[in-house]
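Only this structure's heavy atoms are used, side chains among them; waters, hydrogens and symmetry mates stay out.
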Amino acid sequence: MAVPELRAAGLIVFRRRNFKGPFEYLLLQTSYGRHHWTPPKGHVDPGESDMQTALRETEEESGLKEASLNVMENIQKTLNYEVRGKPKTVIYWPAEVKDYDVGIKLSDEHQDFKWLAIEKACELLHDTTGEALRVVDQEIRNMTDFYIDTY
């Protein structure tokens, strides 16, 4: 019998003060376990799409509503790894906050948050998530159409 896959989705939320950057990424520190840092994410509920999960979890964990974000659905990063012997898939999409000074309202699942430049963010993340963040960061920087379409 196959072991059921764990599935989660979230958003790699970022901001920049001006047109050229620099980018700062939102990381949340868990209130449980080893108090690790992660972008907003959570388990996919039955009948829910990955994107619905990413938006719901981001709002639940950070207070950021879909209307306050520019979600870049054309960029997707999928991670596959094991958690306690079970395969897990996590899907992330980047999303820029529309207001640089937007407030963050943490859920009980998290005890702290930080906006960090790429290098500092990767220092706090698990290797797999840090690698995904670097790839997404580079893809965002390479998207000239993104700059033209949103400004």
Between G130 and C122, the two heavy atoms sitting closest are O-SG, 3.5 Å
Can L55 be reached from V44 by stepping across I, L, V, M, F, W or Y side chains whose heavy atoms are under 4.5 Å apart? no
Please answer whether the main-chain N or O of E57 pairs with a side-chain N or O of E60 as donor and acceptor at a distance below 3.5 Å. no
In short, P39 meets L11 closest at the heavy-atom pair CB-O, 3.6 Å
Are any of the side-chain heavy atoms of K114 and Y25 separated by less than 4.5 Å? no
Is the shortest side-chain heavy-atom distance between V13 and P40 below 4.5 Å? yes
For residues P94 and I140, report the shortest heavy-atom separation together with the two atoms involved. CB-CD1, 3.8 Å
Hey, could you give me the CG/OG1 distance between L133 and T38, rounded to the nearest 0.5 Å? 10.5 Å
Determine, using the 4.5 Å side-chain heavy-atom cutoff (strictly less than), whether I75 and V135 are members of one ILVMFWY cluster. no
Looking at Y92 and L79, what are the two nearest heavy atoms and their distance? CE1-CD1, 3.9 Å
Should E59 and E66 count as side-chain neighbours, where that means a heavy-atom distance under 4.5 Å? no
Rounded distance (nearest 0.5 Å) linking atom CG of L28 with atom NE2 of H110: 4.5 Å
Without swapping roles, check the side chain of H126 against the backbone of T128 for a donor-acceptor pair under 3.5 Å. yes
Within a strict 4.5 Å, meaning less than it, do heavy atoms of the V90 and R7 side chains meet? no
With side chain to side chain contact (heavy atoms under 4.5 Å, CB included) as the criterion, how do E96 and R16 come out once you've worked through the C-alpha distance, each side chain's angles and the decisive distance to 0.1 Å? CA-CA 8 Å; E96 183 174 15; R16 54 187 162 162; 2.7 Å; yes
Could you walk me through whether Q29 and Q111 pass the side chain to side chain contact (heavy atoms under 4.5 Å, CB included) test, one step at a time? CA-CA 6 Å; Q29 186 181 37; Q111 62 185 3; 3.2 Å; yes
With the threshold set at 4.0 Å, does a side-chain nitrogen-carboxylate oxygen contact exist between K86 and E82? no
How about F14 and V136: do any of their side-chain heavy atoms sit closer than 4.5 Å? no
Within one Ile-Leu-Val-Met-Phe-Trp-Tyr cluster: V97 and W93, side-chain cutoff 4.5 Å: yes
Would you please classify the geometry between the H36 ring and the Y32 ring as parallel, tilted or perpendicular, with 30° and 60° separating the classes? perpendicular
Please determine if D101 and R15 form a salt bridge, counting it only when a charged side-chain N lies under 4.0 Å from a carboxylate O. no
Charged N-O contact under 4.0 Å between E119 and R134: yes
Taking T53 for its side chain and A9 for its backbone only, find out whether a donor-acceptor pair lies under 3.5 Å. no
Flag, side chain of T78 to backbone of I91, donor-acceptor distance under 3.5 Å: no
Below 4.5 Å, heavy atoms only, C-beta onward: do E24 and Y100 meet side chain to side chain? yes
Would F113 and L27 count as a side chain to side chain contact (heavy atoms under 4.5 Å, CB included) here? Give the steps. CA-CA 6 Å; F113 73 92; L27 297 185; over 6 Å; no
Which atoms form the tightest heavy-atom contact between S62 and L26, and what is the distance? CB-CD2, 4.2 Å
Within the structure provided, determine whether R56 and D45 are in side-chain contact (heavy-atom separation under 4.5 Å). yes
Between S107 and E61, does any side-chain donor sit less than 3.5 Å from a side-chain acceptor? no
Checking the side chain of H35 only, and the main-chain atoms of T30 only, is there a donor and an acceptor separated by less than 3.5 Å? yes
Could you check whether any side-chain N or O of S68 sits under 3.5 Å from a backbone N or O of L64, counting only pairs where one atom can act as donor and the other as acceptor? no
Side-chain donor or acceptor of N142 paired with backbone N/O of Q138 under 3.5 Å: yes
Any side-chain heavy-atom pair of W37 and D112 under 4.5 Å: yes
Taking atom CG of N80 as the centre, report whether more than 12 heavy atoms of other residues, nucleotides or ligands fall under 6.0 Å from it. yes
I would like to know whether K65 and T58 meet side chain to side chain contact (heavy atoms under 4.5 Å, CB included); could you show each step before the answer? CA-CA 7 Å; K65 297 181 185 304; T58 298; over 6 Å; no
Looking at K120, I want to see if its NZ is surrounded by more than 12 non-hydrogen atoms of other residues, nucleotides or ligands under 6.0 Å. no
